[in-house]
Novice: 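After the structure tokens below, expect a handful of questions from me.
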Amino acid sequence: MSAVPTDIQGDEPDIVSIVDLRVTFATDAGAVRAVDGVSIAVRPREIVAIVGESGSGKSVTAKSILGLVPATATSSGSILLRSRDRSRTTDIVGAGSGTLRSLRGEDVAMVFQEPSTALNPVYTVGWQIAEGIRAHGSTSRAEAKKQAIDILRRVGIPDPETRVNYYPHQFSGGQKQRVVIAMALVLNPGLIVADEPTTALDVTVQAEILDLLRRLRDEFDTAIVLITHNMGVVADLADRVVVMYQGKVVEEADSRTLFASPQADYTKQLLAAVPHIGQGEARAAVRTQERLERASSTTPVVAARDLVIEYPGRLGRGGFRAVNGVSFEIKEGEVLGLVGESGSGKTTIGRAIAGLSKVTGGSLNVLGREMLGIKERSFRSARVDIGFVFQDPASSFNPLLTIAECVAEPLVVHGRATDARDARAQVDELLEAVQLPRAFGDRYPHELSGGQRQRASLARSIALRPKLLIADEPTSALDVSVQARVLELFTELQREFGFASLFISHDLAVVDMLADRIAVLYKGELVEEGTGAQVLGSPSHPYTQRLLASLPVPDPAEQETRREALHRLQAVDG
Amino acid sequence: MTDTTARPRPRRSLATRIPLFAQVRSSIGLQRGMLVAGLVITGVFVITAIFAPLLAPYGFAQLRADGTPFGAQEAPNAEHLLGTTVGGYDVLSRVIWGAQTAILTIVVSVILSIFAGIFLGLVSGYIGGWLDRVLVVVCDAIYAFPSLLLAIVMSIVISGGQSNLFGGILAASISITVVFIPQYFRVIRAETVRIKSEAYVESAKVIGTRAPRIVFRHVLRNATRSLPLLLTLNSSEALLTLAGLGFLGFGIEPSAAAEWGYDLNKSLSDVTSGIWWTSLFPGLAIVLAVLGITLLGESLNDLADPRLRGRRAALDTGAPAPDNGAAPHGSAASGQAVVADDRATTNDEERVS
Amino acid sequence: MTAELSSPDPASAAPPAVLRRGSSSGGGGLGRYVLVRFLLIIPTVFILVTLVFLLMRTTGDPITAALGGKLTGPQLQERIHEAGYDRPLIVQYLEYLGNIFTGNFGNTLSDNRPVTQVLLTYGGATLELAFYALIVAFIVGIPLGMVAAYFRDRTPDAFLRIFAILCYATPVFFAGLLLKLVFAVWFQILPVAGRASTGAELQMQFLQSKTGIYLIDAIQTGNPDVIGDVLSHAVLPGVALGLLTAGVFLRLVRTNLIGTLGTDYVDSARSRGVTEFRLVRKHAYRPALIPIITVIGLQIALLLGGAVLTETTFEWKGLGFQLAQYLQARDFVAVQGIVALLAVIVAVTNFIVDIIAALIDPRVRY
């Protein structure tokens with residue numbers, strides 16, 4: 001909306017200035033304009049964040065800077081890109097493929113979202129870095145390799161002389177992203193476009209990569225266009241923020257101003273929807289009070305003692321121990337938040353409670369049934385009392401059945417209704433309970449948005465009025481504003497139906513909003529458990545401390561102090 | 001991503017729900033050309049087979065008209081547009097009647113193998129365990145084996161290598177069926193294994209749905225998406241195997257039915273003496289029939305796979321961007337159009353611990 | 001033979017990622033893979049051999065099939081008793097398995113030779129034909145597949161795809177007949193049939209170290225005329241069988257390249273300024289090669305099946321030609337033996353191909 005005049009700010013010309021960019025895609029449903037009149041300018045050594053939810057056109061805008069839009073797209077407007085020494089200026093829109101090729105890597109480079117797919121699995125990282133160097137001018141093989149080692153060292157890869165010959169799969173996720181960043185840096189471009197560079201990473205790794213990106217500006221004098229949906233990341237890194245919605249820029253301001261006093265309504269909504277740590281404490285206290293008053297018995301719905309879950313290995317190989325000696329309880333009507341990073345075993349525990357994964361050791365008691373060695377036949381009757389909400393709203397419904405048929409499934413299976421039509425009245429009630437219009441029952445899953453599908457999923461899971469609801473990252477695939485509404489709905493339903501719940505998430509702030517107690521998992525072991533106030537207020541385990549400190553908060557000023565605290569913590573860890 | 005985007009979309013307008021018609025509409029350029037060519041050739045093939053008695057000037061085993069023999073190895077002339085074979089048959093008539101034999105074989109073999117293959121694939125993939133392992137090894141072993149050799153062995157078993165029309169067609173069809181079952185088995189099993197871990201099947205399990213209901217209500221229909229493609233591929237393969245069997249002398253006796261492979265076998269010695277019409281026309285018939293079916297299958301495959309589907313470059317019609325909240329994973333199209341932004345959502349799927 | 005183009009990759013049958021991640025750590029990955037893959041040969045061969053045995057025996061005994069009309073009832077019974085075909089099936093089966101284990105695939109009925117000797121005599125010729133065909137297939141199929149992927153959905157791609165489908169749609173014996181008609185009968189620039197002319201065969205006959213592979217034998221004679229003669233005989237059969245496989249290769253390379261060209265790492269390389277040609281040649285091709293090689297392994301079966309037809313068309317005296325002869329003679333002992341032996345060959349070839357595919361994939365190597 002507000003195009004920044006390109007030449008009046010400072011004497012240095014912008015490294016890139018996008019003016020009135022429009023990008024249109026051909027789809028089966030006709031032409032779709034993904035980017036609609038966007039103007040953005042980036043000065044040298046500036047970090048500009050483009051934020052927005054899915055479909056906002058932020059990624060298309062960013063990829064346009066490198067001319068990386070698919071052949072089915074047409075672009076208009078202009079993107080003027082200057083080289084670092086300002087010796088040349090090119091309009092990317094309409095530039096020929098040869099021109100684009102010579103610019104890419106030299107004037108502008110890109111960091112991709114998913115480091116494990118951005119690296120070619122069959123070549124060594126050294127080969128891939130050297131290839132970029134040799135694509136721009138005649139550098140000898142040995143010289144290119146020397147430069148590759150050098151750049152790997154500078155992005156913090158230990159022992160680069162050896163690792164330059166490693167294949168991508170030999171690195172961890174965070175290190176892979178460092179390698180991707182090294183590739184982008186190696187020709188010293190004036191601008192780096194980073195498309196969701198930390199979204200695929202765990203929060204503790206994310207903090208390290210954000211530090212590295214900050215160093216790019218400070219040590220390499222590189223400007224960065226940062227594409228993200230995470231307001232915490234924006235607050236941590238960006239100098240200036242551009243907010244996009246449905247292909248248009250709705251607000252543009254420097255970072256502190258934006259977070260302190262957002263102007264556009266959309267920005268206000270977006271910021272309000274971001275979960276904050278500490279929001280949940282008051283609510284949790286009230287809820288616990290209510291529950292204590294209500295509770296007549298203290299029999300736990302779920303009780304785990306030294307629970308061990310191992311996946312069998314293939315053909316004589318050792319198994320993989322996903323959960324190792326975990327003990328916890330979920331009482332009637334209580335919400336336990338289970339937090340951990342990837343590989344911590346949190347999903348495995350949820351699946352074991354629902355009888356989807358086999359328990360291999362210790363004891364797991366679910367609704368009075370011992371899960372160790374249980375047969376499906378003897379567990380089936382308990383399934384009436386268990387609901388499950390899956391992570392991915394896209395795949396949790398049979399694509400060939402209507403929403404009403406899907407929601408009616410549990411009723412039909414357990415004989416509460418003869419078929420979907422018979423159950424329709426109950427289904428309508430359930431849809432109403434999750435705030436979906438009745439008419440949605442006749443739609444097919446793909447005709448609903450992710451948030452709507454997740455509501456329908458909630459409706460299905462509470463259809464039998466279960467005593468226990470397992471929610472496995474129900475909101476992590478959703479945009480932040482949609483997430484806020486789904487979380488709110490979850491809280492309401494929980495209050496109304498009074499089910500106990502295991503809420504699994506990687507996001508501390510989300511868990512804090514609705515859990516009575518929080519358990520933190522780390523590499524298959526339970527490292528800390530307690531109320532939100534205990535775990536988040538004064539974490540005792542170093543891992544919890546690090547996890548908490550790594551979580552960026554959507555407030556630049558506060559984030560700066562938190563960042564320093566994290567650095568101190570990391571220094572202590574060594 | 002591709003799993004969720006390539007799904008069929010039920011409930012469309014009537015016109016788009018008719019199979020193939022929808023595909024023709026959604027295709028462009030080369031792909032449309034291939035699809036239409038495939039449809040036309042296959043259509044001609046089927047029509048020829050159905051109306052063979054009307055189209056063919058003579059019977060397939062007819063040696064004389066009005067009491068005079070046709071004569072052997074006659075070059076194409078007014079009486080015999082495509083000449084006569086070494087055995088004194090009319091080439092044109094045998095080419096036309098051959099379509100009937102070919103179609104019958106294709107239909108019988110594909111139907112037989114589809115039912116057996118789907119059943120085994122579903123059971124094996126869903127139940128897993130030992131049954132699955134044994135079936136996989138058996139089917140892989142058969143799959144890796146030269147299909148023609150297996151068909152030969154089967155036709156020896158069934159007919160001792162020679163037979164009449166229906167015996168011959170049945171023998172050829174069953175021989176081909178044995179070769180195809182592993183293919184259907186592999187595809188359906190792989191789909192079943194994939195679908196088994198999809199959230200909607202797991203959620204059915206969590207509810208307490210019994211296995212048969214899960215298999216038939218949730219797995220079966222979703223697992224058979226790729227069947228039309230496999231069907232066309234196998235049809236062409238059935239045709240080639242039938243011709244191969246005929247060429248090796250394991251086909252159908254010329255007096256029982258017309259079969260292109262047998263005719264080619266008999267023309268083998270003609271070629272050396274420069275007699276081209278006895279081999280060229282039955283051969284071309286095979287090529288055209290297989291070409292038509294293969295074109296059909298290939299273009300259906302491309303259209304079903306969003307990665308392979310071609311699209312026109314967009315014209316900026318000024319249409320506003322649709323509310324992307326409405327269907328982030330919906331159609332194949334938005335799958336590609338919003339590729340970049342969609343990653344933010346898909347990515348979390350991989351983050352499952 | 002084409003279904004694998006569409007069927008989901010074999011890895012989908014592997015256990016979930018968690019397990020693979022858990023088990024891939026630790027060394028010796030390749031060694032273990034080779035061992036496990038090698039052990040898989042045994043059930044494969046066992047199943048095929050059993051299947052062939054059972055199928056062939058359900059129809060009755062081979063003696064009746066071969067000599068049924070020629071001998072009287074009692075004579076037939078005597079012969080059947082001599083060969084032991086009147087014993088219980090299970091006894092015959094166990095004996096058969098034992099024989100195969102020691103490398104004895106039985107004796108042919110029509111000319112009473114050990115099947116293994118038939119293989120040794122004619123195997124070389126089939127090997128040679130398969131070699132020529134593979135060369136044609138590689139030279140034609142793989143580069144053209146790359147070109148088609150590069151020009152995706154444009155005119156060159158359209159022509160190449162039609163060409164590939166035609167290669168596949170033309171039965172190999174019809175392609176052989178056409179080639180013969182045009183080049184051997186009309187233009188008379190290439191021989192009609194056989195592996196070499198009689199003169200050349202005579203020269204090779206007296207070699208000390210005869211291999212049965214004519215190309216090697218011809219080189220050994222050191223006579224350029226003989227070499228030329230052998231090669232000219234090889235052109236038409238090699239092209240006929242090679243084009244069939246080339247069509248499959250072309251489609252395979254094209255489809256897999258288009259798949260890998262859409263990946264992030266190709267985009268990533270593009271963002272570093274790597275040329276489009278190099279993206280196809282290096283970044284897309286190597287990763288695509290792994291599934292391609294696996295499927296090429298399965299094409300060995302197609303090639304062997306095609307060899308039977310090609311050899312019959314060109315009177316190329318190899319295993320396939322011989323098999324067709326035995327089929328005509330209703331000598332089912334010979335057929336059973338040759339088919340069982342081919343099963344072993346196919347299983348071993350697939351094993352080797354899988355190992356090669358694993359060697360190319362660094363994720364297995366390290």
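The chains referred to below are lettered A, B, ... by the order of the sequence lines, with proteins before strands, and numbering in each begins at 1.
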Novice: Counting heavy-atom pairs under 4.5 Å to chain C, which of A/Pro189, A/Ala135, A/Gly132, A/Ala118 comes out on top?
Specialist: A/Ala118
Novice: A/Ser102 versus chain C, heavy atoms under 4.5 Å apart: side chain, backbone, both or neither?
Specialist: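 Interface part for A/Ser102: neither.
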Novice: Rounded to the nearest 0.5 Å, what's the gap from CZ on C/Arg270 to CG on A/Leu66? Could you check?
Specialist: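 With rounding to 0.5 Å, CZ (C/Arg270) is 11.5 Å from CG (A/Leu66).
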Novice: Check whether A/Leu119 gets within reach of chain C through its side chain, its backbone, both or neither, counting any heavy atom under 4.5 Å.
Specialist: backbone
Novice: Under a 4.5 Å heavy-atom cut-off, does chain C meet the side chain of A/Gln128, its backbone, both or neither?
Specialist: both
Novice: Can you name the nearest heavy-atom pair linking A/Phe112 to C/Ser271, along with the distance?
Specialist: CE1-OG, 3.8 Å
Novice: Please lay out, stage by stage, how A/Arg104 and C/Arg272 fare under the test side-chain contact (heavy atoms from CB on, under 4.5 Å).
Specialist: CA-CA 5 Å; A/Arg104 291 173 185 154; C/Arg272 276 175 268 141; over 6 Å; no
Novice: Under 4.0 Å between a Lys/Arg side-chain N and an Asp/Glu carboxylate O for A/Glu131 and C/Lys282?
Specialist: no
Novice: Do you know which of A/Gly105, A/Pro168, A/Pro121, A/Ala184 has the most heavy-atom pairs with chain C at a distance under 4.5 angstrom?
Specialist: A/Pro121
Novice: Any chance CZ of A/Arg141 has more than 12 other-residue heavy atoms, nucleotides or ligands included, within less than 6.0 Å?
Specialist: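 No, not enclosed.
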Novice: Measure across C/Arg278 and A/Trp127 and return the closest heavy-atom pair with its distance rounded to 0.1 Å.
Specialist: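 Scanning both residues, the minimum pair turns out to be NH2-CZ2, 3.5 Å.
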Novice: Keeping A/His136 on the side-chain end and C/Val274 on the backbone end, is there a donor-acceptor pair under 3.5 Å?
Specialist: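 Such a contact is absent between A/His136 side chain and C/Val274 backbone.
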Novice: Tell me, for C/Ile290 versus chain A, whether the close heavy atoms (under 4.5 Å) come from the side chain, the backbone, both or neither.
Specialist: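 For C/Ile290, the contact with chain A is made by the side chain alone.
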Novice: Would you check, one step at a time, whether the test side-chain contact (heavy atoms from CB on, under 4.5 Å) holds for A/Leu68 with C/Asp267?
Specialist: CA-CA 8 Å; A/Leu68 282 177; C/Asp267 240 8; 4.1 Å; yes
Novice: Between A/Asn120 and C/Tyr265 (side chain of the first, backbone of the second, donor and acceptor by atom type, cut-off under 3.5 Å), is there such a pair?
Specialist: no
Novice: Under 4.5 Å heavy-atom distance to chain C, tell me which part of A/Val180 shows up: side chain, backbone, both or neither.
Specialist: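 No part of it gets close to chain C.
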Novice: Rounded to the nearest 0.5 Å, what separates atom CE in A/Met110 from atom OG in C/Ser268?
Specialist: 9.0 Å
Novice: List the atom of A/Arg101, the atom of C/Gly273, and the distance in Å for their closest heavy-atom pair.
Specialist: NH1-O, 2.7 Å
